[in-house]
There are 2 protein chains.
Amino acid sequence: MTDATLSTVRNAARLLKAFLTREEELGVSELARRLDLGKSTVHRLLTTLTAEGLVQQDPRTGGYRLGIVMFELGEAVRGHMDLPAAAGSVLAHLREQTGESSQVGVADGDDVVYVDRTESSHSLRLFTEAGRRVPMYCTSSGKVLLAYRPEPQRRAFLDRVPLRPLTPHTITDPGRLLAELAAVRTRGWAEAVNEREIGVASLAAPIRDPAGSVVAAISVGAPITRYRSVPRRRMAQAVVEAGEAVSRRLGWAPESTPTKES
Amino acid sequence: MTDATLSTVRNAARLLKAFLTREEELGVSELARRLDLGKSTVHRLLTTLTAEGLVQQDPRTGGYRLGIVMFELGEAVRGHMDLPAAAGSVLAHLREQTGESSQVGVADGDDVVYVDRTESSHSLRLFTEAGRRVPMYCTSSGKVLLAYRPEPQRRAFLDRVPLRPLTPHTITDPGRLLAELAAVRTRGWAEAVNEREIGVASLAAPIRDPAGSVVAAISVGAPITRYRSVPRRRMAQAVVEAGEAVSRRLGWAPESTPTKES
DNA sequence: ATCGATCGTTCCGTATATCAGAACGGGCGC
DNA sequence: GCGCCCGTTCTGATATACGGAACGATCGAT
């Protein structure tokens, strides 16, 4: 007995998550390799998931892809999130102001998941997809979410998560990251330049719930050359104001701002 | 041995689909009742699914809800659908023209699933959520999708699916439905008034892929009083043109229209 | 404040359902 | 036409998932 966890269901979940790489179609053998399971096991999993509509088989190629029921379930989750409803028009406004892609992200585990976004109208633009998961320690949204966490959680994060250098500019020293997060709290916004991907810069600000807790971040991302051509103050102000606008729509009142974290 | 299907995974899938009722949170006991499983079994399923992020537990109430990974997976499905990208601006235009809610639906099994929509600006309006599943035989979108299916599939549908009367106006006679579907093919659009829900009317037109096959339907829905106040010809023309606009964006060329079905 | 009902959680023995590997048949490319 | 890799099927040994019962906490009504 390994855990109190159902191994079969765990495998089924791992199989579904294999599609988070955004590959549209995967085969039995390929999945068996990635999950380190027998081909027949994977096949049986797929058969079961197909019967339930979570997965579909392409009759042409024989390969498998996620099914529409998966889409329905995802929309059911979205339907219960306040954030997309509150952020929609603000994101649109932010794009008009800045001309760049902007997105709203929430923390899940040690990552940031974007729950809504608008895309820049420039032909050279950041592609941010809703549902995309990125690390916290090297993105502007992630830094905001991390900065406003209670101190013990922030420290636990640094003890738990290795700061892998995704580029030469990624902050890998925990002390330096902590110092930067303190700076984020004092100035009210975060920045990440070249830290997750070379050539990409972003700036983020907090979104608060009625209790004043930071529950999400709103950010603008751009190619670094265009990013540098705009005064940072100007962009920071636009993003911070957008964050406050979304917060107000969530029921937050400005005077209830807490002093520091959480 | 019942099937070649994994009972545990099947139960996990059924558990997830219990949330398609759009209830945000469900408890162990409640789920056990609905799925007709032991409480401990459901609890173990939930523990496993929680560990994988497909489900989250509310630490306050102890109840469970769908997790963010579910949202990610749903977005992964959306990312591979051409339809939302092609339909977005057309839906917006259709709302401007008609002032009513409009949506794009695809067939899945014996139902229609809405994959995209825009909402009316009237305060009294139809609430259509993306990811919502509705029957085919009593909705305008469903009638379109059914009408353009190959004859044998259409007949198989009628043999398989009971035409349950959701309102007194639901068409329950297979012959009458077949006749109506023939009419849909000749005029190029479908209508459903009071058939799924009293007080609701809708009108739909086909969306075609480059081969000319009908792969989706676009529809406008409204409260019946407002619906009646607009000449039907006018609305039908707007919806049909919207369907053609989306079809063109999918790569369909008008002259390639097939004569009748598929 | 107290009782009762119901919640989520844990434990455990039995029985059954799950696993991996090998074998099969079809399709594609060399 | 040959070989490779695909998805699928079968089988027996074994691990694993099941449900009933018991526990502690919580909420609502009395």
Side-chain angles (χ1 to χ4, degrees), chain A residues 1-19 21 23-70 77 80, chain B residues 1-19 21-70 80:
Chain A
M1 182 186 307
T2 55
D3 255 47
T5 176
L6 300 174
S7 60
T8 310
V9 175
R10 203 178 76 92
N11 285 336
R14 288 206 304 144
L15 191 156
L16 292 173
K17 289 200 266 185
F19 288 92
T21 58
E23 287 159 290
E24 182 165 13
E25 193 172 315
L26 291 169
V28 174
S29 306
E30 180 61 28
L31 285 165
R33 272 190 294 272
R34 295 199 199 176
L35 304 175
D36 197 35
L37 293 172
K39 261 203 306 183
S40 62
T41 303
V42 170
H43 181 259
R44 211 160 345 98
L45 284 168
L46 286 166
T47 303
T48 308
L49 292 170
T50 301
E52 296 295 326
L54 294 177
V55 158
Q56 288 177 334
Q57 184 171 27
D58 187 326
R60 217 174 288 281
T61 66
Y64 291 85
R65 56 187 65 190
L66 294 179
I68 298 200
V69 173
M70 209 78 238
V77 176
H80 293 301
Chain B
M1 182 187 308
T2 55
D3 255 46
T5 177
L6 300 174
S7 60
T8 310
V9 175
R10 203 178 76 91
N11 285 336
R14 288 206 304 143
L15 190 156
L16 291 174
K17 288 200 267 185
F19 288 91
T21 57
R22 302 278 161 159
E23 286 159 290
E24 182 166 14
E25 192 173 316
L26 291 170
V28 174
S29 305
E30 180 62 28
L31 285 165
R33 272 190 293 273
R34 296 199 197 177
L35 304 175
D36 198 33
L37 293 172
K39 261 204 304 183
S40 61
T41 302
V42 170
H43 180 258
R44 217 164 332 104
L45 284 168
L46 285 167
T47 303
T48 308
L49 292 169
T50 301
E52 296 295 326
L54 295 177
V55 158
Q56 287 176 334
Q57 184 172 26
D58 187 325
R60 217 174 288 282
T61 66
Y64 291 85
R65 55 188 65 189
L66 293 178
I68 297 199
V69 173
M70 209 79 239
H80 293 302

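Keep in mind the model is a prediction, meaning the values are calculated, not measured. In what follows, every heavy atom counts, from backbone to side chain, and hydrogens, waters and symmetry copies are set aside.
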- Residue whose nearest DNA chain C nucleotide is more 5′ - B:V9 or B:R33: B:R33
- Query: What is the distance, rounded to the nearest whole Å, between atom CG of A:L45 and atom P of D:dG7?
  - Reply: 14 Å
- Interatomic distance where CZ belongs to A:R60 and C1' belongs to C:dG26 [whole Å]: 18 Å
- Are the side chain of B:K17 and the backbone of A:V69 linked by a donor-acceptor contact shorter than 3.5 Å? no
- Value in whole Å for how far the C1' atom of C:dT18 lies from CZ of A:R10: 15 Å
- Query: A:R44 side chain N/O closer than 4.0 Å to the phosphate oxygens (OP1, OP2) of C:dT18?
  - Reply: no
- Query: Whole-Å distance between C:dC7 P and B:L26 CG?
  - Reply: 12 Å
- How would you label the contact of A:S40 with the nucleic acid (heavy atoms, under 4.0 Å): base, sugar-phosphate, or nothing? base
- How many Å lie between CZ on B:R14 and C1' on D:dC18, as a whole number? 14 Å
- Item | A:E23 with A:R34: basic N within carboxylate O range, under 4.0 Å | yes
- Task: Would you indicate what B:E30 reaches in the nucleic acid, counting non-hydrogen atoms under 4.0 angstrom: base, sugar-phosphate, or nothing?
- Result: nothing
- Task: Identify whether any heavy atom of A:T8 sits under 4.0 Å from a base atom; if not, whether one sits that close to sugar-phosphate; answer base, sugar-phosphate or nothing.
- Result: sugar-phosphate
- Looking only at atom types and distance, does a side-chain atom of A:R14 sit under 3.5 Å from a main-chain N or O of A:L35, one as donor and one as acceptor? yes
- Item | Along DNA chain D (nearest heavy atom to each residue), the more 5'-positioned of A:L6 and A:T61 | A:T61
- Heavy-atom side-chain proximity of A:N11 to B:V9 below 4.5 angstrom: no
- Query: Out of C:dT9, D:dC18, C:dC19, which has the shortest distance to the side chain of B:Y64?
  - Reply: C:dT9
- Task: Verify the contact: side-chain N or O of B:N11 to OP1 or OP2 of D:dA17, cut-off strictly under 4.0 Å; return yes or no.
- Result: no
- Message: Could you check whether any side-chain N or O of A:T47 sits under 3.5 Å from a backbone N or O of A:H43, counting only pairs where one atom can act as donor and the other as acceptor?
- Response: yes
- Task: Using a heavy-atom cut-off of under 4.0 Å over every strand shown, decide if A:D58 touches base, sugar-phosphate, or nothing.
- Result: nothing
- Item | Rounded interatomic separation in angstrom, taking CG from A:L15 and P from D:dG7 | 12 Å
- Item | Toward the 5' end of DNA chain C, by each residue's nearest nucleotide, A:K39 or A:S7 | A:S7
- Query: Over how many whole Å does the gap from B:H43 atom NE2 to D:dA17 atom P extend?
  - Reply: 15 Å
- Could you tell me whether the phosphate oxygens of C:dT6, OP1 or OP2, come under 4.0 Å of any side-chain nitrogen or oxygen in B:S29? no
- Item | Rounded interatomic separation in angstrom, taking CG from B:L46 and P from D:dA17 | 15 Å
- Task: Would you tell me if any nitrogen or oxygen in the side chain of A:Q57 comes within less than 4.0 Å of OP1 or OP2 on D:dC6?
- Result: no
